[in-house]
Amino acid sequence: MPELPEVETTRRGIEPHLAGRRIAAVAVRQPKLRWPVPADLAEQLVGQRIGAVLRRAKYLLIPFPAGTLLMHLGMSGSLRIIQGDEPPGYHDHVDLVLDDGRALRLHDPRRFGAVLWVNGDVTVHPLLAGLGPEPLSDAFDGDYLYARSRRRRAPVKSFLMDGRVVVGVGNIYANEALFAAGIRPDRAAGRISLARYRRLADEVKRVLAHSIEQGGTTLRDFVGGDGKPGYFKQELLVYGRGGESCKLCRELLIETRLGQRSTVFCRRCQR
DNA sequence: ATAATCACCTGCTCGC
DNA sequence: TGCGAGCAGGTGATTA
């Protein structure tokens with residue numbers, strides 16, 4: 001479910017309900033996520049007051065004086081605010097119970113998500129230390145992409161989805177941004193001009209920012225922290241449309257596989 | 001260093 | 001209706 005816009009939508013949805021609250025209890029019904037949920041999580045969190053909910057890449061971070069709660073939604077995770085007496089359903093693995101009788105509940109069928117406690121400076125944690133710039137920051141632009149891509153033979157789509165290059169560009173938005181920029185996803189990253197990378201960086205920013213405005217892309221049952229679905233899906237131009245006709249030129253869209261990921265493009269509009 | 005593949009896990013759709 | 005195959009929004013670990 002979650003790409004960057006969905007994670008950001010979640011962050012915006014839950015933060016107002018968490019800020020200022022103290023954590024009254026922690027319930028872990030299934031500790032086997034991507035990594036084990038720490039057995040001493042409650043000891044770190046109970047009694048602590050939440051100030052803010054931050055995001056770095058697709059990680060959600062809740063900082064405390066002694067360390068940071070780090071969460072990731074993986075492929076199928078979602079977070080929502082519930083009334084504390086709502087009984088947990090199947091795949092409702094973790095609750096952070098708040099002092100106002102509500103709770104933050106993690107639901108994650110595939111369990112690729114994570115809930116970790118990081119002591120001290122979270123930015124030097126191995127999961128975060130090597131990450132590339134945020135796509136919506138000024139550090140990410142066409143000149144940066146061009147410089148990082150020289151002599152790289154991997155497909156530009158794989159390059160764009162590499163978190164060490166830039167974070168937060170998942171499969172949906174990589175497909176969409178490459179279509180918008182008119183670049184074939186299987187072109188070698190090192191063989192694309194500066195001008196075209198400038199266009200690509202602009203389209204990545206535009207597509208992500210617009211999707212965040214729409215509340216993310218709802219596939220299956222994603223809902224933001226406020227329970228509202230995302231509205232971006234209806235605007236997807238290529239993702240999930242393999243075999244259908246291009247909305248710009250009517251050519252049949254090609255669906256292939258790059259780096260094990262479903263890839264859709266138009267061979268007329270993208271070169 | 002870079003590129004490709006594997007792995008984690010459940011649920012759903014498809015073809016037979 | 002049942003069953004195996006393949007696929008799904010991510011990304012760290014492992015292998016060439």
Side-chain angles (χ1 to χ4, degrees), chain A residues 1-11 29-37 55-60 70-79 89-94 106-116 118 125-132 135 147-177 185-191 207-208 211-212 214-224 229-236 238-243 255-264:
Chain A
M1 167 261 297
E3 287 210 26
L4 185 138
E6 290 71 40
V7 177
E8 178 61 20
T9 297
T10 296
R11 189 194 71 74
R29 287 172 288 272
Q30 169 58 277
K32 292 181 179 176
L33 302 185
R34 170 118 201 220
W35 298 281
V37 177
R55 180 186 60 74
R56 170 71 174 114
K58 293 171 189 165
Y59 294 94
L60 288 169
L70 179 155
M71 293 182 286
H72 197 287
L73 300 178
M75 289 273 263
S76 59
S78 59
L79 286 167
Y90 200 36
H91 300 314
D92 286 342
H93 305 313
V94 178
L106 173 70
H107 176 85
D108 186 5
R110 290 176 74 178
R111 289 193 271 129
F112 289 172
V115 177
L116 297 173
V118 179
H125 189 276
L127 289 173
L128 302 187
L131 294 177
R148 285 292 305 263
S149 62
R150 292 311 86 188
R151 280 177 295 288
R152 290 189 65 158
R153 286 181 294 192
V156 60
K157 178 164 176 265
S158 306
F159 172 72
L160 193 58
M161 292 178 68
D162 183 343
R164 293 163 303 183
V165 173
V166 57
V167 302
V169 185
N171 198 36
I172 295 178
Y173 299 104
N175 278 298
E176 294 297 316
D186 57 353
R187 180 173 289 274
R191 304 194 50 143
V207 169
L208 289 176
S211 180
I212 291 170
Q214 300 297 305
T217 303
T218 292
L219 303 175
R220 301 201 165 79
D221 59 352
F222 171 78
V223 291
Y231 290 98
F232 190 71
K233 182 171 194 244
Q234 57 211 40
E235 301 185 28
L236 296 176
V238 288
Y239 181 82
R241 300 193 63 247
E255 176 146 17
T256 62
R257 214 137 247 285
L258 278 181
Q260 337 284 78
R261 309 308 296 276
S262 165
T263 301
V264 185

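Sequence lines set the chain letters: A, B, ... in the order given, protein chains first and strands last, and positions in each chain run from 1.
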Problem set entry | side-chain N/O A/His72 vs C/dT11 OP1/OP2, d < 4.0 Å | yes
Exercise. Between atom CZ in A/Arg164 and atom P in C/dG10, what is the gap in whole Å?
Worked result: 16 Å
Problem set entry | Length of the CZ-C1' vector between A/Arg152 and B/dA4, whole Å | 13 Å
Exercise. Under a 4.5 Å cut-off applied to non-hydrogen side-chain atoms, are A/Leu127 and A/Tyr59 in contact?
Worked result: yes
Exercise. Where the side chain of A/Arg257 is defined as all heavy atoms beyond and including C-beta, which of C/dC7, B/dC9, B/dG11 is the nearest nucleotide?
Worked result: C/dC7
Exercise. Atom CD of A/Gln260 and atom C1' of C/dT11: how far apart are they, to the nearest Å?
Worked result: 13 Å
Exercise. If we take the P atom in both B/dC6 and C/dG6, what is their distance in whole Å?
Worked result: 13 Å
For this session: Could you tell me whether A/Asp162 and A/Arg148 make a salt bridge, using a distance below 4.0 angstrom between a side-chain N and a carboxylate O?
Result: no
For this session: Would you say whether A/Phe112 stacks on B/dC9? The test is a distance between ring centres of less than 5.5 Å and an angle between planes of less than 30°.
Result: no
Tabulate atom names and distances for all N/O pairs under 3.5 angstrom spanning the protein and nucleotides 12-15 of chain C.
unit_1 : atom_1 : unit_2  : atom_2 : d
C/dG12 : OP1    : A/Tyr59 : OH     : 3.1
C/dG12 : O4'    : A/Arg34 : NH2    : 2.7

Problem set entry | Inter-nucleotide P distance (B/dC9, C/dC3), Å rounded | 23 Å
For this session: Look at all strands and tell whether A/Lys58 reaches a base, only sugar-phosphate, or nothing, counting heavy atoms closer than 4.0 Å.
Result: sugar-phosphate
Exercise. Rounded to the nearest Å, what distance is computed from the NE2 atom of residue A/His107 to the P atom of nucleotide B/dG11?
Worked result: 9 Å
Exercise. Expressed in whole Å, how much space separates the P atoms belonging to B/dA1 and C/dT11?
Worked result: 23 Å
For this session: For the pair A/Glu176 (side chain) and A/Tyr239 (backbone), establish whether a donor and an acceptor sit closer than 3.5 Å, ignoring hydrogens and angles.
Result: yes
Problem set entry | Distance in angstrom units between A/Tyr173 OH and C/dA8 P, rounded | 17 Å
Problem set entry | Per-nucleotide pairing state of DNA chain B [Watson-Crick or G-U, under 3.5 Å; [ ] pseudoknot-crossing; | other strand] | .|||||||.|||||||
Exercise. Can you tell me how far C1' of C/dG9 sits from NZ of A/Lys157, to the nearest Å?
Worked result: 12 Å
Problem set entry | Min side-chain heavy-atom separation A/Val169-A/Leu4 under 4.5 Å | no
Exercise. If every non-hydrogen atom of A/Leu258 is compared with every non-hydrogen atom of A/Lys157, which pair is closest and at what distance?
Worked result: CD1-CB, 4.1 Å
Exercise. Taking atom CZ of A/Arg164 as the centre, does the number of heavy atoms from other residues, nucleotides or ligands within less than 6.0 Å exceed 12?
Worked result: no
Seminar exercise, completed: Closest to the 5' end of DNA chain B, once A/Gly259 and A/Arg148 are matched to their nearest nucleotides, is A/Arg148
Problem set entry | A/Asp92 backbone acceptor or donor facing A/Gln30 side chain under 3.5 Å | no
For this session: Please confirm whether any donor atom in the side chain of A/Arg110 sits under 3.5 Å from an acceptor in the base of C/dA8, or the reverse.
Result: yes
Problem set entry | N or O in side chain of A/Ser158 less than 4.0 angstrom from B/dA4 OP1/OP2 | no
Problem set entry | A/Arg111 CZ to B/dC9 C1', straight-line distance once rounded to whole Å | 6 Å
Exercise. Should A/Pro5 and A/Tyr173 count as side-chain neighbours, where that means a heavy-atom distance under 4.5 Å?
Worked result: yes
For this session: Answer with base, sugar-phosphate or nothing: what part of the nucleic acid does A/Tyr90 contact at a heavy-atom distance below 4.0 Å?
Result: sugar-phosphate
Problem set entry | Within-4.5 Å side-chain heavy-atom neighbours: A/Asp186 and A/Thr263 | no
Seminar exercise, completed: From the candidates B/dG11, B/dA3, C/dG9, the one with an atom nearest any side-chain atom of A/Asn171 is C/dG9
Exercise. Can you check the A/Asp162 CG to C/dT11 C1' distance for me, whole Å?
Worked result: 10 Å
For this session: Specify the closest pair of heavy atoms between A/Val7 and A/Pro2, including all atoms of both residues, with the distance to one decimal.
Result: CG2-CB, 3.8 Å
Problem set entry | side-chain N/O A/Arg261 vs C/dG9 OP1/OP2, d < 4.0 Å | yes
For this session: State whether A/Arg153 places a side-chain N or O below 4.0 Å from either non-bridging phosphate oxygen (OP1 or OP2) of B/dA3.
Result: no
For this session: Go through the steps for A/His72 and A/Arg34 under the test side-chain contact (heavy atoms from CB on, under 4.5 Å), then give the verdict.
Result: CA-CA 9 Å; A/His72 197 287; A/Arg34 170 118 201 220; over 6 Å; no
